There are 2 protein chains.
Amino acid sequence: MSPAAPVEPKQSLTADAWAEAALEMIAQSGFDAVAVEPLARRLGVTKGSFYWHFENRDALLRAALERWERAETDDIVARIGPEPDPYQRIVKLFKAANASYRAGRLYLAIAAAEDKPMVQSFVRRVSERRMQYLFECYRALGFSEASAAHWARFAYATFMGNLQIGRDTPELMPTGAEFSEYVKLMIKVLIPREAPPDDDGDPPA
Amino acid sequence: MSPAAPVEPKQSLTADAWAEAALEMIAQSGFDAVAVEPLARRLGVTKGSFYWHFENRDALLRAALERWERAETDDIVARIGPEPDPYQRIVKLFKAANASYRAGRLYLAIAAAEDKPMVQSFVRRVSERRMQYLFECYRALGFSEASAAHWARFAYATFMGNLQIGRDTPELMPTGAEFSEYVKLMIKVLIPREAPPDDDGDPPA
DNA sequence: CTTGCCCCATACGCAAGCGTATGGATAGAC
DNA sequence: GTCTATCCATACGCTTGCGTATGGGGCAAG
């Protein structure tokens with residue numbers, strides 16, 4: 001009931017500040033929790049401010065989703081862009097995935113609202129882009145197209161599942177050294193350096 | 001806007017019918033979409049009926065979650081209960097996980113509402129139970145405690161991630177023979193029959 | 001100092017949903 | 001046939017949030 005600490009309204013608000021606040025709300029309380037008046041209270045202003053910056057609630061959600069997509073796209077290159085070795089690219093991607101807790105919550109919360117048509121396209125683009133990146137990594141490792149697609153999907157599913165576990169049952173996700181072991185195991189299994197013997201993943205070299 | 005086809009109100013409604021309708025709504029439109037009056041319209045009755053069967057909206061959600069937990073618990077034993085081979089237990093679990101589309105949507109939708117304190121405990125129990133089951137499977141395969149915990153988490157994460165992918169980007173999830181190949185790959189990788197060489201998963205025998 | 005623009009507060013009408021109060025209908029008990 | 005319990009409809013007040021209308025304060029230009 002107590003509306004936390006309303007931030008200082010110091011300067012004039014920007015549309016980006018509203019979008020960022022919307023993303024924060026999504027990460028905390030889910031997509032449907034994004035409401036104009038509660039957000040205004042959080043920002044220390046009233047609706048009057050909001051409806052000057054935005055046409056309506058949908059416009060805010062669109063802006064927030066665009067901001068999110070941009071941030072996600074920037075991250076995927078900024079964090080592991082200048083890495084030539086495809087193996088290390090996957091490793092870095094894996095560690096980055098478990099690094100930002102907020103980013104994970106954001107994805108899960110936004111993806112959970114995929115029934116809204118507007119959300120769907122954003123989630124699709126972000127997911128496809130990430131899996132495409134993984135696909136190219138496996139291709140660079142020498143995997144065939146079909147095999148790389150399977151392994152990319154596999155690895156991405158594991159990313160997503162770890163996010164889910166970390167959110168829903170954090171006590172089942174280890175910390176410290178044990179977590180490092182866990183990550184090492186997944187990396188070792190999900191990035192086969194030697195050729196699988198027969199029917200599956202193609203021999204890289 | 002058109003409220004679909006209101007079902008025939010034929011007989012008297014039961015509390016279970018309301019709970020089931022709530023679960024259906026959760027699977028379709030998310031946890032927050034469970035509202036008394038829309039549900040009543042769907043069932044071809046009015047609020048008067050609801051508030052005879054339930055104290056309030058929270059009671060309905062609680063009943064729905066209990067029904068869900070019970071169904072999930074029944075499934076995990078009913079589908080793969082009488083299977084002696086732990087390897088085949090994991091295989092069956094894997095295939096069952098990708099079998100029921102609705103069950104997957106339900107889990108994701110409920111888990112996405114983990115900010116509500118009531119939901120959290122249900123999701124935790126269901127998740128812990130499933131991972132515990134996997135843990136015991138890996139133990140039965142000869143894995144050490146630490147190793148089985150890692151592999152169980154790994155496998156469960158992959159389950160969850162595949163659910164997520166199937167919901168968010170279904171076009172990236174193959175069908176038919178290619179899907180079978182994909183499942184076969186994951187099973188092969190996630191259930192190592194031979195001992196990993198050195199530092200990780202313990203030799204089963 | 002006045003003018004204009006940017007940013008926001010206030011006040012209003014409207015819709016949806018929760019919970020309550022109360023009455024009606026139906027069916028079995030007797 | 002009356003009575004009672006079960007199940008539901010109707011009507012009401014209340015709250016929350018959306019969107020609009022309108023005005024006001026601050027600030028720079030002139």
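All values below were derived from every heavy atom in this structure, side-chain atoms included, with hydrogens, water molecules and symmetry-related copies excluded. As the structure is a prediction and not an experimental result, all values here were calculated from the model. Throughout, protein chains are lettered first and strands after them, A, B, ... in sequence-line order, and every chain is numbered starting at 1.
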Ignoring the backbone of [X], work out which of [options] is nearest its side chain.
X: A/Tyr51; options: D/dC8, D/dT20, D/dC7; value: D/dT20
X: A/Trp52; options: C/dT10, D/dC8, C/dC7; value: C/dC7
X: A/His53; options: D/dT10, C/dC8, C/dA9; value: C/dC8
X: B/Ser49; options: C/dC7, C/dA9, D/dA9; value: D/dA9

Does the side chain of [Y] come within less than 4.5 Å of [X]'s, by heavy atoms?
X: B/Lys116; Y: B/Asp32; result: yes
X: A/Pro38; Y: A/Arg41; result: yes
X: A/Phe143; Y: A/Phe135; result: no

Check your understanding: Picking from A/Arg102, A/Arg70, A/Arg42, what satisfies salt bridge (Lys or Arg N to Asp or Glu O under 4.0 Å) with A/Glu20?
Key ->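 Between A/Glu20 and the candidates, salt bridge (Lys or Arg N to Asp or Glu O under 4.0 Å) is satisfied uniquely by A/Arg102.
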
Practice item. Taking only heavy atoms on the protein side, list every residue of residues 54-64 of chain B lying under 4.0 Å from any atom of DNA chain C, sorted numerically. Key: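 Residues of residues 54-64 of chain B under 4.0 Å from DNA chain C: B/Asn56, B/Arg57.
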
Practice item. Residues of residues 16-38 of chain A with any non-hydrogen atom less than 4.0 angstrom from an atom of DNA chain D: list those, numerically ordered, please. Key: A/Ala35, A/Val36, A/Glu37, A/Pro38

Practice item. Starting from P on C/dC7, measure out to CZ on A/Phe50 and report it in whole angstrom. Key: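 It works out to 15 Å between those atoms.
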
Check your understanding: According to the interplanar angle, ranging from 0 to 90°, do the rings of A/Phe154 and B/Phe154 count as parallel (below 30°), tilted (30 to 60°) or perpendicular (above 60°)?
Key -> parallel

Exercise for review: Hey, can you tell me if A/Phe94 and A/Phe159 have their rings parallel, tilted or perpendicular (30° and 60° cut-offs)?
Suggested key: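 A/Phe94 vs A/Phe159 ring planes: perpendicular.
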
Exercise for review: Examine distances only and state if a side-chain atom of A/Arg89 and a backbone atom of A/Pro84 form a donor-acceptor pair shorter than 3.5 Å.
Suggested key: yes

**Study point:** C/dG17 OP1/OP2 closer than 4.0 Å to side-chain N/O of B/Arg41
**Key:**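 Result: yes.
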
Review point. Does A/Ala59 have any side-chain contact (heavy atoms from CB on, under 4.5 Å) partners at least two apart in sequence or in another chain, and if so, which?
Key: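 Expected list: A/Phe54, A/Glu55, A/Asn56, A/Arg62.
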
